[in-house]
2 protein chains.
Amino acid sequence: MISRYIFGTPLPTMAVIREIAPSGGEIPHFTVTKADGSVSFTTILGDDDLIFGLGENVRGINKRGHLYRAWNMDDFSHTENKGGIYSSHNLLLFSGEQGVFGAYFDDPGAVTFDLGYSDGGKAVITSENGNLSVYLIESTTLTGLVREFRHLIGRSYIPPKWAMGYIQSRWGYASEDDLDFIVSEHRKRHIPLDNVCMDIDYMEDFKDFTWNPVHFPDLKATNARMKDEHIHLVPIIDAGIKQLTGDPIYDEGVQKDYFVKKADGSLFVGAVWPGRACFPDFLREDVRQWFGAKYHKLMDTGIEGFWNDMNEPALFYSTDSLENAFETAEKMRHENLGIDGAFKLKDAFVNIANNAEDYRRFYHTVDGQPVRHDKVHNLYGAMMTKSAAEGFRSYNPDRRYLLFSRSSFIGAHRDGGVWQGDNSSWWSHLLLNLKMMPSLNMCGFLYTGADLGGFSCNTTEDLLLRWLALGVFTPLMRNHTAQHTRDQEIFRFRNWEDMRNVVSVRYALLPYLYSLLVKCACRDEMMFRPLAFDYPQDKTAIRVEDQLMLGDECMIAPVVEQNARGRHVYLPEDMLLVRFRSGDDYTVQTMQKGHHWLDVPMNEVPLFIRRGHVIPLCRSAEYVDALDTTKLSLVGWLEVGCAITLYEDDGESTDIDLNEGLQLINVSIDKGVATAKCAGKTIDASKVVVWER
Amino acid sequence: MISRYIFGTPLPTMAVIREIAPSGGEIPHFTVTKADGSVSFTTILGDDDLIFGLGENVRGINKRGHLYRAWNMDDFSHTENKGGIYSSHNLLLFSGEQGVFGAYFDDPGAVTFDLGYSDGGKAVITSENGNLSVYLIESTTLTGLVREFRHLIGRSYIPPKWAMGYIQSRWGYASEDDLDFIVSEHRKRHIPLDNVCMDIDYMEDFKDFTWNPVHFPDLKATNARMKDEHIHLVPIIDAGIKQLTGDPIYDEGVQKDYFVKKADGSLFVGAVWPGRACFPDFLREDVRQWFGAKYHKLMDTGIEGFWNDMNEPALFYSTDSLENAFETAEKMRHENLGIDGAFKLKDAFVNIANNAEDYRRFYHTVDGQPVRHDKVHNLYGAMMTKSAAEGFRSYNPDRRYLLFSRSSFIGAHRDGGVWQGDNSSWWSHLLLNLKMMPSLNMCGFLYTGADLGGFSCNTTEDLLLRWLALGVFTPLMRNHTAQHTRDQEIFRFRNWEDMRNVVSVRYALLPYLYSLLVKCACRDEMMFRPLAFDYPQDKTAIRVEDQLMLGDECMIAPVVEQNARGRHVYLPEDMLLVRFRSGDDYTVQTMQKGHHWLDVPMNEVPLFIRRGHVIPLCRSAEYVDALDTTKLSLVGWLEVGCAITLYEDDGESTDIDLNEGLQLINVSIDKGVATAKCAGKTIDASKVVVWER
């Protein structure tokens with residue numbers, strides 16, 4: 001059950017899709033205090049209480065013990081002291097002495113979450129502007145809370161099936177020659193590949209909806225050739241429009257008054273990749289329609305997927321912040337600079353990027369009224385995503401498109417996926433990738449994953465290999481890295497064959513994972529869950545931070561430590577360990593509930609299947625279209641027969657009907673041997689382990 | 001056995017104390033290649049080979065898989081991509097297909113260690129200047145390699161016993177009132193405390209060897225009052241001398257030509273805490289003597305301990321780097337700034353600190369010849385430490401003084417300890433603290449530890465509590481934090497009683513830990529060892545990265561994860577688990593070899609004792625002088641009687657004679673009950689677990 005409490009005058013966020021009448025009473029579980037325009041919500045924490053939520057953020061699955069702040073920010077070097085990263089997902093789920101309950105703080109401005117930081121025994125959530133709706137969520141289980149919340153916010157985005165194929169990306173691919181090289185190196189080594197991202201260098205002078213005419217003389221022909229290779233090109237689109245008189249998009253934006261402006265009515269100018277740029281007011285429906293339609297130009301060449309970037313919005317500097325820094329420098333040059341002065345000077349230049357003051361310099365128009373950006377900051381990326389999604393729907397309402405964004409807010413989960421933002425080639429970010437999966441799933445983001453191998457800094461062959469072994473399970477499986485880092489494509493490494501084999505595991509699992517994603521979207525469920533959700537009474541399970549439940553059938557426990565050859569794993573019940581050496585080569589082993597040390601050689605991907613369950617595998621292939629789902633094999637551990645369902649469709653139509661797409665697979669056991677049947681399919685159940693009492 | 005190989009013309013480093021005649025032959029295990037003045041040493045790595053060493057550095061105990069660079073650097077935000085931090089300890093120990101061997105690269109300039117980074121199958125060590133001695137170390141065991149190496153580099157610094165008491169520190173204590181408050185808050189709550197650090201604010205205008213006359217009107221009286229409370233004050237000394245004509249130290253330094261200079265003979269001026277400052281040429285013996293004698297002024301007031309800081313040397317800016325940045329700004333202000341330009345501008349100001357070019361701007365005098373700083377950069381902190389230690393010895397050769405430094409080089413281990421440098425309030429830095437202990441021990445640094453609770457960023461009550469539970473075992477046990485962070489003294493927190501009880505465990509263990517440190521110093525052994533050193537045949541033990549052997553008797557396995565209530569632990573043999581709830585309150589439990597899940601409540605400190613061993617505990621106290629070592633109790637797990645030794649002395653004399661100080665404790669078993677005897681002591685052995693087959 002969800003009840004709604006209104007404080008101040010909330011701005012519209014489009015996060016929720018169901019109208020809930022405001023409740024007149026006091027909000028349960030929280031004490032409300034107001035001060036200086038802000039409003040705070042305090043709840044008492046028992047010593048052993050757990051807190052889940054906050055979607056894309058730093059630290060643990062259990063968010064307790066830190067001070068977070070909802071404020072979308074471009075920060076690839078997100079160490080554990082940060083308050084937040086690219087997205088704001090203001091959902092909290094509490095589990096402990098007060099039972100379970102949840103709260104969604106629907107506020108597009110800054111919100112702080114002091115979750116036992118100032119005082120270990122209290123959680124204090126503060127809306128800095130004091131204008132928000134709080135949705136209080138009640139249920140008897142954590143899973144129930146999520147289902148309630150997800151029902152409130154609407155069905156999650158479902159990507160085309162090919163978007164779950166492997167994606168290769170790099171900031172630096174600049175020409176069709178670069179792309180051809182990447183594709184051919186994968187194909188000739190039989191490394192599966194479905195998609196190649198085009199980062200900013202494909203554009204002409206970093207102008208959105210352009211491409212370099214020299215390096216891409218005929219993008220339509222390029223796309224056609226790629227399609228022959230079963231490759232989708234996925235170009236990037238940035239939030240800022242280059243300020244360039246004579247450029248048709250800029251001119252049109254100015255003429256139609258589509259860009260955000262300062263209080264004096266002048267254009268707000270911030271610098272991003274194209275240099276000085278203006279920012280569409282995505283909070284306006286007419287601006288979203290205008291911008292969304294611009295994607296059609298690329299779609300006309302055959303493009304079917306995009307990633308939206310820089311939409312926190314990131315600002316390298318504004319003309320104002322830069323001018324302030326210059327003035328500081330000029331003034332200080334003629335002073336006898338003390339240490340405080342020197343730090344101030346340095347800060348003046350460091351802080352020209354993503355400057356808090358800049359975010360107070362410009363205005364949106366909401367319901368015809370000007371609203372200062374900082375009041376709605378966290379909405380910007382979500383509204384850009386909405387603009388793109390609306391553009392796609394207007395182009396072809398019947399066809400799914402791939403879309404993932406860096407910045408988001410709850411609500412954007414209906415329109416696209418998110419990658420977990422620019423990260424670093426750190427083992428700690430590999431673990432963070434895992435921890436963010438369930439938190440994002442709670443908030444509706446199912447199509448997600450992190451930059452495998454790490455974006456910033458230089459990866460190593462073992463880091464990429466182990467990270468791929470997690471990426472095998474994440475719907476968005478992209479290897480991506482930054483300019484000036486070492487080459488990070490699989491074929492660059494000594495151990496590329498191991499990496500290829502790891503990717504092939506993804507393809508063997510792809511029908512299962514795709515089915516799971518669609519089911520979870522349609523049923524308001526999570527693909528990835530903390531163990532606490534499935535085993536709330538198990539005092540060990542509830543605090544596990546490096547294993548996840550996957551679907552109803554599986555558990556994953558990747559290796560996240562350099563030089564390790566294994567790890568400890570906790571099994572909250574009996575499970576079958578599947579050791580994949582490739583999609584088509586695996587061995588199984590039954591394991592009992594409890595603590596185990598697990599050897600994990602560098603070339604293996606471990607997967608656990610709960611006793612009493614099976615999952616389907618198909619024969620691996622080099623691209624999604626080549627997967628033959630009429631021939632499946634089952635792996636699992638059964639005592640009695642069972643029935644499982646696999647969702648299938650054409651992978652691209654938008655009229656998804658879960659019930660229509662579910663294929664029933666019946667497994668029966670006879671004399672210790674499993675056999676399976678499914679209409680229209682050949683099912684090999686010979687490898688199912690049959691457990692007899 | 002150690003052999004020496006000379007390349008180019010090595011500069012003196014004073015790292016080793018034993019003369020080894022250069023070997024004429026080829027260096028075993030390595031292929032040597034030369035290019036552009038550099039020299040590289042390449043060795044082949046088997047897939048499962050391990051690499052230990054590099055002292056104070058980032059990443060694992062096993063250093064394999066990263067690119068490190070010896071280049072002392074002030075960096076509190078040392079994420080895993082960094083190449084090094086405050087100190088350079090160029091020792092590597094290899095263990096694998098080639099057996100075990102070690103190499104010490106005695107080069108005071110930049111050295112890179114590509115340990116399976118570029119190519120997972122190779123380690124390539126490159127001296128950028130090509131002038132160095134390589135000491136090749138051979139033995140049959142890792143422990144043997146360390147003993148050989150430590151014999152080469154000389155006996156480790158032994159602090160006064162009180163220096164192993166708890167130390168409270170904060171950048172911000174500025175007056176005797178501040179110090180009185182800190183001491184009284186500890187004493188009134190019975191939180192043990194022996195030392196309080198005085199960070200830079202005690203000085204007058206950040207000038208070395210001064211104190212603020214208003215806030216410390218009579219430092220001698222303050223010290224006397226503190227001594228009555230059994231507290232030692234430990235002031236900081238920085239490397240740079242304020243450039244201030246009329247200041248006696250600056251004037252003397254200029255007059256006697258003691259500061260480093262630029263090629264044109266002018267003084268090199270860099271800004272540190274006092275603003276513009278000059279840097280003593282610590283590489284010169286006469287300068288070391290001069291600077292070392294300056295400590296006497298503070299010692300005359302009763303000070304008996306110091307910490308040396310900023311001696312990488314850290315540079316906030318140089319007059320040259322600042323002027324360059326200003327010029328860049330002025331030039332760019334009048335350009336139409338592109339994105340590349342904006343980043344360049346920002347970098348110009350960011351890079352004014354610790355700028356590589358600045359380190360090429362000034363010169364030392366070595367053997368009468370000018371040597372550009374970058375050729376000997378990594379020696380600077382070690383030579384400052386040497387200067388201080390020589391100053392102490394000249395003040396009173398019979399008395400030990402406390403000294404720990406931020407920057408160091410091998411050789412400095414004879415003159416003082418090191419703290420692990422400015423860190424951050426990150427759980428990852430708690431784990432890093434653990435990993436650096438054995439690496440530093442290999443290199444001779446026994447008196448070491450990290451800033452408990454974390455220096456930069458805001459700590460949390462659980463982070464400080466868990467970090468103290470590791471700090472209990474580290475010889476240097478200091479709670480320290482930076483300006484503008486939250487209060488971090490134990491008494492500030494809700495759970496201060498748990499924290500106090502954790503510190504009391506330290507005091508119960510202190511006689512054992514002190515004895516262990518002296519034994520390890522005198523016997524060239526490590527206090528903390530990776531499990532690989534003790535169980536080289538155990539394929540699980542050799543890769544454990546979050547447990548350490550402590551002495552011959554113990555193993556530690558602290559909790560290093562937020563919100564955890566336990567952890568997995570691997571026991572390479574049967575051990576007794578001791579759960580300390582305070583120094584005087586503990587329970588024991590026998591545990592079998594193998595993998596275990598260990599519940600670790602927030603208020604417990606777990607310690608493992610190997611079967612067949614006991615350790616002595618004394619009754620906890622509020623300061624070291626109050627520890628009564630005539631009454632000890634033993635804890636451990638025995639089958640038959642045993643004899644153990646405990647080193648004791650007056651805790652402050654410099655004439656340490658290991659054999660003379662060793663007290664023999666004989667434990668006998670009779671009818672399942674242990675009794676113990678030691679001359680002059682009452683020993684309670686009633687809690688020793690007697691194991692009967």
Side-chain angles (χ1 to χ4, degrees), chain A residues 48 50 59-60 62 64-67 77 79-81 116-117 119-121 271-275 316-317 322 326 329-330 333 337-339 342-343 345-346 348-350 352-353 424-428 457-458 460-463 494-495 539-540 543 545 561-566 568 570 595-597, chain B residues 48 50 59-60 62 64-67 77 79-81 116-117 119-121 271-275 316-317 322 326 329-330 333 337-339 342-343 345-346 348-350 352-353 424-428 457-458 460-463 494-495 539-540 543 545 561-566 568 570 595-597:
Chain A
D48 293 324
L50 310 168
R59 296 224 174 193
N62 178 359
R64 186 164 177 173
H66 186 52
L67 179 64
S77 187
T79 44
E80 56 186 276
N81 55 296
Y117 159 75
D119 177 335
V272 278
W273 296 119
F316 297 148
Y317 62 87
L322 184 65
F326 278 131
E330 190 161 298
R333 190 170 187 175
L337 208 59
I339 284 300
F343 285 153
L345 173 68
K346 193 171 159 178
F349 284 89
V350 171
I352 59 174
S424 295
S425 294
W426 296 345
W427 291 86
S428 59
C457 309
N458 292 309
T460 57
E461 56 185 50
D462 52 353
L463 176 59
R494 191 178 69 127
N495 55 349
K539 294 239 178 292
T540 303
R543 292 185 182 273
E545 288 276 348
E561 183 184 299
Q562 189 164 35
N563 293 316
R565 292 289 186 275
H568 285 106
Y570 175 65
H595 295 281
H596 297 268
W597 171 262
Chain B
D48 294 324
L50 309 167
R59 296 222 174 195
N62 179 357
R64 188 165 176 173
H66 186 52
L67 180 64
S77 187
T79 44
E80 58 186 276
N81 54 295
Y117 160 74
D119 177 336
V272 279
W273 297 119
F316 297 149
Y317 62 85
L322 184 65
F326 278 130
E330 191 161 299
R333 188 169 189 176
L337 208 58
I339 283 301
F343 285 152
L345 173 67
K346 193 171 159 178
F349 284 89
V350 171
I352 59 173
S424 296
S425 294
W426 296 346
W427 291 85
S428 59
C457 309
N458 293 308
T460 57
E461 56 185 49
D462 52 353
L463 177 59
R494 191 178 69 124
N495 55 348
K539 292 236 177 298
T540 304
R543 291 184 181 275
E545 289 275 348
E561 185 184 299
Q562 188 164 35
N563 294 316
R565 292 289 186 274
H568 285 105
Y570 175 64
H595 296 280
H596 298 267
W597 172 262

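All chains are named by letter (A, B, ...) in the order of the sequence lines, taking the proteins before the strands, and each is independently numbered beginning at 1. Remember, predicted model here, so these are calculated numbers, not experimental data.
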task: Using non-hydrogen atoms and a 4.5 Å limit, figure out which bit of B:Thr540 sits close to chain A: side chain, backbone, both or neither.
output: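 Side chain of B:Thr540 only, per the 4.5 Å heavy-atom cut-off to chain A.
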
Does [Y] offer a backbone N or O that forms a donor-acceptor pair with the side chain of [X] under 3.5 Å?
X        : Y        : value
A:Glu330 : B:Glu330 : no
B:Asn563 : A:Arg64  : yes
B:Glu80  : A:Ser428 : yes

message: One thing to verify: whether B:Arg565 and A:Asp48 come together as a salt bridge, which I'm taking to mean a side-chain N less than 4.0 angstrom from a carboxylate O.
response: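 Result for this pair is yes, salt bridge flagged.
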
- request: Identify whether the distance between the nearest side-chain nitrogen and carboxylate oxygen of A:Arg543 and B:Glu561 falls below 4.0 Å.
  value: no

- prompt: chain B heavy atoms under 4.5 Å from A:Leu322: which part of the residue, side chain, backbone, both or neither?
  reply: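 Side chain only.
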
Tell me the closest heavy-atom pair linking [X] and [Y], and the distance in Å.
X        : Y        : result
A:Ile339 : B:Gly275 : CG1-N, 3.5 Å
A:Val350 : B:Val350 : CG2-CG2, 3.6 Å
A:Phe326 : B:Ala329 : CE2-O, 3.1 Å
B:Ala353 : A:Lys346 : CB-NZ, 3.5 Å

- request: Flag the one option from A:Val272, A:Leu50, A:Asn81 with the top tally of heavy-atom pairs under 4.5 Å to chain B.
  value: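 The candidate making the most pairs under 4.5 Å is A:Asn81.
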
- prompt: How are the rings of B:Phe343 and A:Trp273 set relative to one another: parallel (under 30°), tilted (30 to 60°) or perpendicular (over 60°)?
  reply: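 The arrangement is perpendicular - the two ring planes meet at more than 60°.
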
task: Test B:His595 against A:His595 for side chain to side chain donor-acceptor pair (under 3.5 Å), laying out the working first.
output: CA-CA 8 Å; B:His595 296 280; A:His595 295 281; over 6 Å; no

